[in-house]
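Sharing a structure here in structure tokens format.
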Amino acid sequence: MAELGLVAEKQFVCSNHGFVTRTNGTRDLCARFIRNGDRVYDAFSRYDTVTSYALSREGGNPGGVTKLLVPFLKAWGILDNSAYEYSRDVTELMPGADHALRYILSQMPAYMTTGSYEHHIMNVSDMTEFPLHNISFNLIAFDKLEISRQDAKILKNITTEISNLRVSDEAYTVTENKYLNKDDSKLVDYFDDMIEKELSKMEIYETVKKMTMIGANEKAYAVLELCRKNDIEMSDTVMVGSDNSDYQAMDLVRDSGGLALAFNGAEYAIRGANVAVLSKKPIVATVLVTEFYNGGIESVYNLINNWTKEGLQTVSCADRNLMNRMLEEFPKKLPEVYIVEEDNINDIVTISAEYRKHIFH
């Protein structure tokens with residue numbers, strides 16, 4: 001069967017935001033249905049990142065912020081149909097993301113794992129024609145959840161307090177122990193106190209707490225399960241991630257010799273990667289993934305070592321037509337592509353953080 005080409009040799013897994021979509025589906029819903037919801041989301045997300053990575057709390061699951069946000073969205077009256085329709089109106093793909101996914105699907109089994117709610121992902125699947133059954137995402141029916149009027153009032157008041165918290169962007173590396181800065185310390189103390197004294201006493205919180213939602217741990221388990229199900233080694237796996245919650249899955253792939261590609265990555269996505277790309281167009285990742293499919297990680301490194309206009313025009317590559325299309329997409333300047341190593345990782349984190357400010361919203 002393998003000689004006939006009927007058995008997959010490699011597989012592709014990606015996250016959603018940053019590689020497929022320019023917009024963050026969960027943040028969009030918060031901004032629409034919660035007063036000052038974009039600031040509320042940013043504060044929740046910061047709490048999630050700091051407690052999971054900087055403080056390394058036991059039992060933490062980066063990306064679990066989506067579960068904590070559910071009671072607040074419900075308190076502000078979100079409905080499933082309106083969530084779906086709003087996501088449809090505001091979701092914006094990265095330029096050429098649909099073509100990139102279709103090309104990769106034609107080469108190998110391809111999957112997506114994301115912490116986004118189903119309302120957003122159903123639209124992403126429609127827009128890209130990526131099979132919905134190949135996506136793991138958060139199943140949540142807002143209409144079926146119940147919340148008392150008193151609890152909803154309390155949560156609305158809390159969102160006002162959260163929106164007034166200052167959100168720091170200081171990076172805390174995984175190799176250095178540092179005290180939290182003043183803003184982060186205040187934010188963590190506030191959330192710890194709020195969850196213990198207010199949120200944990202609500203019936204809706206107990207309901208949501210029992211739900212299985214996709215965070216960093218579940219993304220890593222998804223990659224492991226795909227390796228088992230498809231009988232494909234981790235070293236033959238591509239993981240493309242952008243958010244901090246992609247770190248665990250990417251770290252598994254990188255340590256096994258696969259391709260862990262941080263595409264416009266947040267800090268911990270880069271720290272889990274062996275390759276980092278800064279680009280508005282996913283065709284760059286498509287070129288690297290195709291190279292990995294045909295020649296493995298060393299072939300990818302060879303391509304990156306020739307990452308100039310002149311070098312890419314002459315270097316041996318897996319798909320010359322695809323390479324030429326990419327070069328046509330960038331007539332003036334090539335996107336930045338790095339092999340992530342210990343001596344350059346902090347510089348890449350800094351450069352990528354600044355780049356993300358200009359392309360995501």
Side-chain angles (χ1 to χ4, degrees), residues 13-18 20-21 23-34 37 40-53 57-76 78-80 83-84 87 91 111-125 132-147 155 162 191 194-195 199-200 202-226 239 241-250 252 266 268-269:
V13 187
C14 69
S15 61
N16 174 32
H17 176 237
V20 180
T21 63
T23 45
N24 182 326
T26 307
R27 191 175 189 271
D28 287 341
L29 291 179
C30 289
R32 168 63 179 84
F33 293 99
I34 298 175
V40 171
Y41 174 88
D42 291 343
F44 268 101
S45 184
R46 183 63 180 174
Y47 173 74
D48 183 51
T49 298
V50 171
T51 54
S52 298
Y53 292 117
R57 285 189 176 174
E58 185 177 352
N61 186 15
V65 61
T66 51
K67 181 178 288 191
L68 285 176
L69 283 165
V70 169
F72 291 86
L73 285 163
K74 182 65 179 179
W76 284 90
I78 192 172
L79 297 171
D80 289 315
Y84 172 80
S87 291
T91 296
Y111 307 90
M112 191 183 302
T113 179
T114 172
S116 297
Y117 301 129
E118 60 183 273
H119 317 79
H120 173 64
I121 291 303
M122 289 172 67
N123 284 299
V124 171
S125 177
L132 190 62
H133 57 79
N134 282 18
I135 309 175
S136 57
F137 52 90
N138 285 328
L139 289 165
I140 177 73
F142 290 111
D143 292 356
K144 294 182 179 180
L145 291 174
E146 295 183 358
I147 187 170
L155 292 179
I162 292 174
F191 272 92
M194 179 271 291
I195 292 171
L199 189 59
S200 65
M202 297 180 181
E203 187 174 339
I204 189 172
Y205 177 76
E206 290 302 315
T207 301
V208 172
K209 199 165 80 167
K210 296 174 185 176
M211 296 178 178
T212 299
M213 290 204 176
I214 295 174
N217 296 338
E218 288 73 24
K219 289 183 179 182
Y221 294 148
V223 174
L224 288 168
E225 177 61 17
L226 286 170
M239 175 65 198
S242 299
D243 292 331
N244 287 320
S245 60
D246 297 319
Y247 170 79
Q248 278 84 336
M250 297 177 71
L252 278 174
Y268 292 99

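If you read the sequence from its start, that first residue is 1, and numbering goes on from there. Here the structure is a predicted model, which is why all the values come from computation and not from measurement.
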Original post:
What pair of heavy atoms forms the shortest contact from M213 to K67, and how long is it?
Top reply: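 In this case the closest contact between M213 and K67 is SD-CA, 3.7 Å.
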**OP:** Answer yes or no: is there a side-chain heavy-atom contact under 4.5 Å between H119 and I140?
**Re:**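 H119 reaches I140 side chain to side chain.
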**OP:** Verify side-chain contact (heavy atoms from CB on, under 4.5 Å) between L199 and L155, making sure each step is shown before the conclusion.
**Re:** CA-CA 8 Å; L199 189 59; L155 292 179; 3.9 Å; yes
Original post:
Got a donor-acceptor contact below 3.5 angstrom from the D143 side chain to the L79 backbone?
Top reply: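 Judged by distance alone, no pair lies under 3.5 Å.
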**OP:** Working to the nearest 0.5 Å, report the span between NZ of K144 and CG of D80.
**Re:**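 Here the rounded value is 9.0 Å.
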Original post:
Going through the distances and angles, do T23 and T91 end up as a side-chain hydrogen bond (donor to acceptor under 3.5 Å, both in side chains)?
Top reply: CA-CA 6 Å; T23 45; T91 296; 4.7 Å; no
Subject >> Side chain to side chain, I162 and Y47, heavy atoms closer than 4.5 Å >> reply: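 SC-SC contact between I162 and Y47 ruled out.
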Subject >> Sub-6.0 Å ring centroid separation between F44 and F191 >> reply: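 Centroid distance F44-F191: below 6.0 Å, so yes.
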Subject >> Atom pair OG (S200) and NZ (K209), whose distance is rounded to the nearest 0.5 Å >> reply: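 Nearest 0.5 Å value for the OG-NZ distance: 7.5 Å.
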Original post:
How far apart are the closest heavy atoms of H17 and T21, and which atoms are they?
Top reply: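 Residues H17 and T21, closest heavy atoms: CA-OG1, 3.5 Å.
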**OP:** Check side chain to side chain donor-acceptor pair (under 3.5 Å) between S15 and all other residues, then give those that pass, not counting sequence neighbours.
**Re:**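 Counting only residues at least two positions away or on another chain, S15 forms a side chain to side chain donor-acceptor pair (under 3.5 Å) with D246.
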Subject >> Gap separating the CD1 atom of I147 from the CZ atom of F72, nearest 0.5 angstrom >> reply: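 So the gap between those two atoms works out to 9.0 Å.
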Original post:
Do the side chains of L68 and D48 get nearer than 4.5 Å, heavy atoms only?
Top reply: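 SC-SC contact between D48 and L68 ruled out.
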**OP:** Could I get the full list of side chain to side chain donor-acceptor pair (under 3.5 Å) partners for E203, not counting sequence neighbours?
**Re:**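 Residues passing side chain to side chain donor-acceptor pair (under 3.5 Å) with E203: none at all.
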Original post:
Pick one: which of T66, N24, T26, D28 meets side chain to side chain donor-acceptor pair (under 3.5 Å) with Y41?
Top reply: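 Exactly one pass, corresponding to N24.
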Subject >> Considering all heavy atoms, the nearest V223-A249 contact >> reply: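 So the two residues come closest at CG2-CB, 4.0 Å.
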**OP:** Would you mind reporting whether I34 and I78 have side-chain heavy atoms less than 4.5 Å apart?
**Re:**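 I78 does not reach I34 side chain to side chain.
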Subject >> D42 side chain near R27 side chain, heavy-atom distance below 4.5 Å >> reply: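 Yes, side chains in contact.
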Original post:
Which heavy-atom pair separates L29 from A83 by the least distance, and what is that distance?
Top reply: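 Looking at all heavy atoms of both residues, the closest pair is CD2-O, 3.7 Å.
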Subject >> pair M211-V70: side-chain heavy atoms closer than 4.5 Å >> reply: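 Answer no - side chains too far apart.
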Original post:
Between atom OH of Y84 and atom CD1 of I121, what is the distance when rounded to the nearest 0.5 Å?
Top reply: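 Y84 OH to I121 CD1: 12.0 Å, rounded to 0.5 Å.
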**OP:** Using a cut-off of 6.0 Å, state whether more than 12 heavy atoms not belonging to E146 lie near its atom CD.
**Re:**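 No, the 6.0 Å shell around CD holds no more than 12 heavy atoms from other groups.
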Original post:
Mind checking whether H120 and T114 have side chains closer than 4.5 Å, heavy atoms only?
Top reply: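 The answer is no; the side chains never approach within 4.5 Å.
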Subject >> Criterion side-chain contact (heavy atoms from CB on, under 4.5 Å) on S116 and F137, from CA distance to verdict >> reply: CA-CA 6 Å; S116 297; F137 52 90; 5.6 Å; no
**OP:** Check V124 against V20 and note the closest heavy-atom contact, atom names and distance.
**Re:**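 Result for this residue pair: CG1-CG1, 3.9 Å.
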Subject >> Close side-chain approach of P71 to I204, heavy-atom, < 4.5 Å >> reply: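 P71 vs I204: side chains touch.
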Subject >> Smallest separation among heavy atoms of A222 and T113, with atom names >> reply: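 Heavy atoms only, the tightest pair is CB-OG1, 4.2 Å.
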Original post:
How long is the gap from CD on E118 to CD1 on I135, to the nearest 0.5 Å?
Top reply: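 Those atoms lie 12.0 Å apart.
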Original post:
Could you give the distance from NZ (K219) to OH (Y247), rounded to the nearest 0.5 Å?
Top reply: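 Output value for this atom pair is 14.5 Å.
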Original post:
Parallel, tilted or perpendicular: which describes the rings of Y53 and Y268, with under 30° parallel and over 60° perpendicular?
Top reply: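 The rings of Y53 and Y268 lie parallel, inter-plane angle below 30°.
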